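Here's the structure, in structure tokens; my notes come after.
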Number of protein chains: 2
Amino acid sequence: MTEQAALRAPRQDNRRRQLLAAAARRFAHQGFRATTIRDIAGDAGMLPGSLYYHFASKNDLLLAVYEEGVRRIAANVDRAAAGAADPWARLEAACTAHLETVLDRSDYAQVIVRVLPQDAQKVSDRLIALRDEYEGRFVRLVDDLALPNPSDRRNLRLLLLGALNWSQVWYRPAGDTPSAIARQFTRYFRRALERPEEVR
Amino acid sequence: MTEQAALRAPRQDNRRRQLLAAAARRFAHQGFRATTIRDIAGDAGMLPGSLYYHFASKNDLLLAVYEEGVRRIAANVDRAAAGAADPWARLEAACTAHLETVLDRSDYAQVIVRVLPQDAQKVSDRLIALRDEYEGRFVRLVDDLALPNPSDRRNLRLLLLGALNWSQVWYRPAGDTPSAIARQFTRYFRRALERPEEVR
DNA sequence: CAATGTACCAAACAACTGTTTGTTTTTTTA
DNA sequence: TAAAAAAACAAACAGTTGTTTGGTACATTG
């Protein structure tokens, strides 16, 4: 029972990361269910069964992509926010980083927006937890704003993040750049919020 | 060649509509690819093969759901907009009707938001055309607004519709009602737009 | 260099998928 | 009420799916 298996470091030529990258690209571009194990394994130049040496199931693979996605987008957002002085600039910087990452920079992050947790029932709880952990940053960013009418910060955040995330549906590289879109969106957002609501 | 097949009216108990309703419910709640022909046929109380008497393929079934969805949500939006006097009230009424239909009232309409055209490659062109036809209403509604800075109406529309549509992801019946959400969203929207952009 | 675990191959499996086919039941209509 | 069309059944098909199994090449390490 107590016999310890001799552990050895993974090989140099380990292709786990290639599989993960291929999965992220496929999940991001064609969705979770439309992507087959054969697609992913083929992209990484191996046979379908070999993938199971690295990942226990397709669901686990999605979970791994999600984790990497959160890691990347969170790092980008945190770095951007840290470079801004006041709360409004922080929010705008965070939104820009969010959108750039999702639209341009990371298939991993795109998966978080595109693939719904319910697509992988058995790991959906953990997917939701990952989403929540990431979005907590925006809760705090919005909380820090000095608003004339501070109620309904929740709806405001949902409005902004929703508009940003939905851009994945209509965004085409030919049009405005992600940062231009983010800048414009947050500017409207700011104008809406800095102006106190008039009594009707 | 000219022999005319004797046409007869469909039966009274035609179950085509039941199939369509079942498909709409399934597509709306679990997505297109996760829904099987057996699910839908079973919901309507028939065997999988029997479905093909009414619909040529799963794709065609989705197309029919989409068409019905556009018909319903467009009717709701048009009716709401027609009852409002000025352009801003029209837009707000339209948004409210849109959101209520998508969140509460119609599985058919929910499918339009939830199921991406690329999920059914062979009919994706027609799905996109249906979406565009519907969204054209909002193009016109936004065009009618008197804006201090009338540029970028497109981005404004995308922002608003995106925020509305994304609510499908986080909406829970326990919280705010769809109309409350829509009212709040459009109010922010209006405040953002009525205020001229300051020169920096 | 020998041995040990890593990483992959090769082949299959069982379940599920959309769809087709031939037949039967049910309803309508003349 | 008999003929004809409509609507469903019953059963299968062919392809795809995620996954498993047993074997093997290779890199790493003592």
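In this text the structure is predicted, and so the values were computed from the model without any measurement. In what follows, chains are A, B, ... by sequence order, proteins preceding strands, each numbered from 1.
- The stretch residues 36-48 of chain B touches DNA chain C through B:Thr36, B:Ile37, B:Arg38, each having a heavy atom within less than 4.0 Å of the strand.
- With DNA chain C read from its 5' end, the first of the two nearest nucleotides for A:Gly49 and B:Ala56 is the one closest to A:Gly49.
- Formation of a donor-acceptor pair under 3.5 Å by the A:Arg72 side chain with backbone atoms of A:Tyr108 is not found in this model.
- Contact annotation: A:Asn14 side-chain N/O to C:dT6 OP1/OP2 distance is not under 4.0 Å.
- To the nearest angstrom, P of D:dA7 lies 12 Å from CZ of B:Phe55.
- Here B:Tyr171 pairs with nothing under the ring pair (Phe, Tyr, Trp, His ring centres under 6.0 Å) rule; sequence neighbours left out.
- Distance alone, capped at 3.5 Å, places no donor-acceptor pair between the A:Lys122 side chain and the A:Asp60 backbone.
- Looking only at atom types and distance, the side chain of B:Gln184 has a donor-acceptor partner in the side chain of A:Asp152 under 3.5 Å away.
- Electrostatic pairing of A:Glu135 and A:Arg131 does not count as a salt bridge here, judged by no charged N lying under 4.0 Å from a carboxylate O.
- The ring-ring contact (aromatic ring centres under 6.0 Å, His included) pairs that include a residue from residues 16-59 of chain A are A:Phe27-A:Phe32, where partners are two or more places apart or lie in different chains.
- Note on B:Ser50: every side-chain N or O is 4.0 Å or more away from OP1 and OP2 of D:dA7.
- Contact record, B:Arg114 with B:Ala28: NH1-O, 3.4 Å, taken as the closest heavy-atom pair.
- Between A:Leu164 and B:Trp166, every side-chain heavy-atom pair lies at or beyond the 4.5 Å cut-off.
- Rounded to a whole Å, the OH atom of B:Tyr52 is 16 Å from the C1' atom of D:dA10.
- A chain of hydrophobic side-chain contacts below 4.5 Å, direct or via other Ile, Leu, Val, Met, Phe, Trp or Tyr residues, connects B:Phe189 to A:Trp170.
- Screening B:Val65, B:Asp39, B:Asp107 for a side-chain contact (heavy atoms from CB on, under 4.5 Å) involving B:Arg26 leaves a single residue, B:Asp39.
- Separating the OH atom of A:Tyr53 from the P atom of C:dT6 is a distance of 5 Å, rounded to the nearest angstrom.
- The stretch residues 57-66 of chain B does not touch DNA chain D, since none of its heavy atoms comes less than 4.0 Å from the strand.
- Here D:dT19 presents its P atom at 16 Å from NE2 of A:His54, a figure rounded to the nearest Å.
- Counting only distance, with no hydrogens or angles, the side chain of B:Arg90 and the backbone of B:Leu141 share no donor-acceptor pair below 3.5 Å.
- For residues 114-126 of chain B, proximity to DNA chain C is found at no residue, defined as any non-hydrogen atom under 4.0 angstrom from a strand atom.
- Rounded to the nearest 0.5 Å, atoms OG (B:Ser106) and CD1 (B:Ile112) are 7.5 Å apart.
- Residue A:Arg15 places none of its side-chain N or O atoms closer than 4.0 Å to OP1 or OP2 of C:dA7.
- Relative ring orientation between B:His98 and B:Tyr134 is described as parallel, the plane-to-plane angle staying below 30° on a 0-90° scale split at 30° and 60°.
- Of the residues in residues 19-35 of chain A, those with a non-hydrogen atom less than 4.0 angstrom from any atom of DNA chain D are A:Thr35.
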